[in-house]
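Structure provided below as structure tokens; questions to follow.
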Amino acid sequence: MCGISVVVAPSSLPEATQDVLRMHAPIRHRGPDGEGILLSDAGRVSRFSEAASVPAGAKASVAFAFRRLKIVDLTDAAAQPMSSGDGERWLMFNGEIYNFRSLRSELTTHGHTFRTSGDTEVILAAYEEWGEECFSRFEGMWAIVILDLRNKRLVACRDRFGIKPLYYRKEADRLLLASEIRQILAVTGRAQANPDLVRAFLLGDRDTVLDDTFFDGIHLLPPGSWFSVSLESTSPRMEMHQFWNLDDFRESEAPADYATAVDRVGQLMAEAVRSHSVADVPLGSLLSGGLDSSTIATLLVREKKNAPTFSFGFRDTAPQFCELSYVDALVRAEGMANHETTFSPDWVANHADRIVTALEEPQLAMPALAQFRTFELCHQHGTTVVLDGQGSDEIFAGYPYHERLLLIERFRHVRFVSFAREASRIAKRESLSVPSVVAKAFVMPPLYGIAQKMRGRTAWISSDYGTRNGTRDQSHTINDRLHHDVKWGNVKIILGYADKNAMHFSIEARVPYFDRQLVEFAFSLPADFKVGCATRKRVLRDFARTLLPREITERRDRMGFATPDAVWLRTSLWPRVREAISDSSLLSSACFDAPRLRRFVGEFERGEHRDHRAMWRLWMFSIWKNAFSVAI
């Protein structure tokens, strides 16, 4: 929805104003519809409607800058930074509060009045009424910063799942808050790599995702958290608090009856899509042809008949990676207005720099680029709000490794009959023998890791550069693994990519699968409601069967944003990749053993190994390093 820049500098000098304007400059894409600047000096507040009107030499101990993307209430009355009626509290807010209408009604009974029709003013009133306890009442996605002059503090909060970003850098005499990393770099003037995360990326391992970034000293506020900073202190000190914890919702108060659970998932999904569809601007949905996005798109189109959908695929150039036949089936069934796009190796080569710069980190795989291209398509068709199907796999157990964990769990608990039955069902579905299914579950994963080490596939990474980013999750139960997936795993990466890919085109991406009530309900369910009977995402799939064509609900393949990266990296893309990863400035980086890296790249070029994913990571890393002039 918007872009936030904040500088807290108790010394109250002109530098704070200059710094916030530097942070504000590079993020026009996050809010092309308006801007606002707020300077607070010794409790006195000055507000400016545009950066150009800020006087030279203006001092501030707290400086706000805001970029606005109009979504709900398009009037100037809803501009930010927004003040409370008495001018004692000022708010900047990026995101959407979906239950703002019910909160407005409740706050009206407490005597609050409203001059706008959107959610921003409701946040201010909720904070005035309930203090920081208001955060637990919000349903939605948000990064919130409040200047509370009455209590002489600054308060900042991030939504439960980290859908909207809020970066920070804490220094001895100031605190910087931002919607994107580039804003902080615009002030610090330097980009230093985070060795631990760089090493983890080069290894192809971001299994445990912490709240650090690829840039040393720049962090993300943890999801479900808020902090306060006293404005009376000579050095800003962040006091962290947590208002929501996923740990509280594991297999608790679940319906004993499976059919009841299916019905409840359907109700919650319908309500999530309905609440995520509130907007005063054009609204649409991504549609891949998979179960997740098809469910959301169908619910949306039945709610809003004219909502367009947007798809990516390789209809003619790489049909083995294309899901558009499933999209076609749904479009016919629902009469959808669907738009589709694709890309070529040349497009990837020509846009890779732009995308890595937009995402502010190197990407592990090509699907992040496919998502970027799809949001570009949405922008080309004038759609400002887009529903995205991210997250279902991590909530309802949609990955093959969840099914593998089911077999392991049953074996560990000596449930040999149910183990054999499940292995047999999976074997039938996959047209494999039962021994092959068992081998894939128990033998192949550890053998793959051993083989990688024996082949020296990572020997080109300098042994004394960084340590791995956490440890690979060792959960032995499905629900423990799902908990890890959401709290520390892939979810944090995909939500970050969705936000930045969408906002690059001034689009707000909304993710209904991260509706609080839906997630809490999913985590209350026993594991066999989610995976079993040779079916992943079992409870969601059974609800989807009431909505979608059988071609989609009975699919046995799983693609996601599938791309022909293995072929392209060995053919069309290879000259561009080889040139980038053979650059002397890259090879001399402290993270590499240059002779071994040259040998590894040469072996790939001669066909002596097929580790195209490592080539991709090296290419993305080289682009990122150059784009931000990163010191390694």
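These values consider heavy atoms only, across backbone and side chains, with no hydrogens, waters or symmetry-generated copies.
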**Request:** For the pair Arg104 and Glu106, find out whether any cationic side-chain nitrogen is under 4.0 Å from an anionic carboxylate oxygen.
**Result:** no
**Asked** Would you call the rings of Trp347 and Phe372 parallel, tilted or perpendicular if under 30° counts as parallel and over 60° as perpendicular?
**Response** tilted
**Request:** Provide the closest heavy-atom pair for Arg182 versus Glu360 in the form atom of the first, atom of the second, distance.
**Result:** N-OE2, 2.7 Å
**Request:** Classify the ring geometry between Phe138 and Phe135 as parallel (under 30°), tilted (30 to 60°) or perpendicular (over 60°).
**Result:** perpendicular
**Prompt:** Within a strict 4.5 Å, meaning less than it, do heavy atoms of the Ile27 and Gln183 side chains meet?
**Reply:** yes
**Glu35 and its side-chain hydrogen bond (donor to acceptor under 3.5 Å, both in side chains) partner, picked from Arg68, Gln80, Arg28, His24** = His24
**Request:** For the residue pair Tyr399 and Glu394, confirm or rule out a side-chain donor-acceptor distance under 3.5 Å.
**Result:** yes
**Item:** Flag side-chain contact, heavy atom, 4.5 Å: Leu91 against Leu147
**Value:** no
**Prompt:** Are the side chains of Phe227 and Cys157 in touch, meaning some heavy atoms are under 4.5 Å apart?
**Reply:** no
**Request:** Would you confirm whether the ring centroid of Phe214 sits within less than 6.0 angstrom of the ring centroid of Trp624?
**Result:** yes
**Prompt:** Are Asp86 and Ser84 close enough that a side-chain donor and a side-chain acceptor fall under 3.5 Å?
**Reply:** yes
**Item:** Expected output: side-chain Arg160 to main-chain Asn245 donor-acceptor under 3.5 Å
**Value:** no
**Asked** How are the rings of Phe314 and Phe343 set to each other: parallel, tilted or perpendicular (split at 30° and 60°)?
**Response** perpendicular
**Prompt:** Are the side chains of Ile218 and Leu185 in touch, meaning some heavy atoms are under 4.5 Å apart?
**Reply:** yes
**Request:** Determine, for Trp130 and Arg137, whether the Lys NZ or Arg CZ falls below 6.0 Å from the six-membered ring centre while staying within 45 degrees of the axis.
**Result:** yes
**Request:** Assess Arg89 against Tyr127: is NZ or CZ under 6.0 Å from the centre of the six-membered ring, and within 45 degrees of the ring's axis?
**Result:** no
**Item:** Asp499/Lys164 salt bridge by N-O under 4.0 Å criterion
**Value:** yes
**Message:** Going by the rule side-chain hydrogen bond (donor to acceptor under 3.5 Å, both in side chains), which residues pair with Thr17 if we only count those two or more places apart in sequence or in a different chain?
**Reply:** none
**Message:** Any salt bridge linking Glu180 with Arg30? Criterion: basic side-chain nitrogen under 4.0 Å from a carboxylate oxygen.
**Reply:** yes
**Asked** Do you see a donor-acceptor pair shorter than 3.5 Å between the side chains of Tyr98 and Asp515?
**Response** no
**Asked** Do Glu121 and Thr116 have side-chain N/O donor and acceptor atoms under 3.5 Å apart?
**Response** yes
**Request:** Would you confirm whether Ser40, through its side chain, and Val62, through its main-chain N or O, come within 3.5 Å as a donor-acceptor pair?
**Result:** no
**Thr309 side chain to Ser285 side chain, donor-acceptor N/O pair below 3.5 angstrom** = no
**salt bridge (charged side-chain N to carboxylate O under 4.0 Å, His left out) partners for Arg373, two or more places apart** = Glu376
**Message:** Nearest 0.5 angstrom please: Leu495 CG to Gln390 CD, how far?
**Reply:** 7.0 Å
**Residues in ring pair (Phe, Tyr, Trp, His ring centres under 6.0 Å) contact with Tyr168, at least two apart in sequence or another chain** = His219
**Request:** Kindly assign one of parallel, tilted or perpendicular to the pair Trp142 and Phe243, based on the angle between their ring planes and the thresholds 30° and 60°.
**Result:** parallel
**Asked** Can you tell me if Ser225 uses its side chain to pair, donor with acceptor, with the backbone of Leu221 under 3.5 Å?
**Response** no
**Prompt:** Heavy-atom distance under 4.5 Å between the side chains of Cys2 and Arg67, does that happen here?
**Reply:** no
**Phe66/Trp90 aromatic ring centres below 6.0 Å** = no
**Message:** Can a donor-acceptor pair be found, under 3.5 Å and without considering hydrogens, that links the side chain of Thr298 to the backbone of Thr295?
**Reply:** no
**Message:** Tell me whether Asp159 is salt-bridged to Arg516, with the criterion being a basic N under 4.0 Å from an acidic carboxylate O.
**Reply:** no
**Request:** Would you please classify the geometry between the Trp244 ring and the Phe249 ring as parallel, tilted or perpendicular, with 30° and 60° separating the classes?
**Result:** parallel
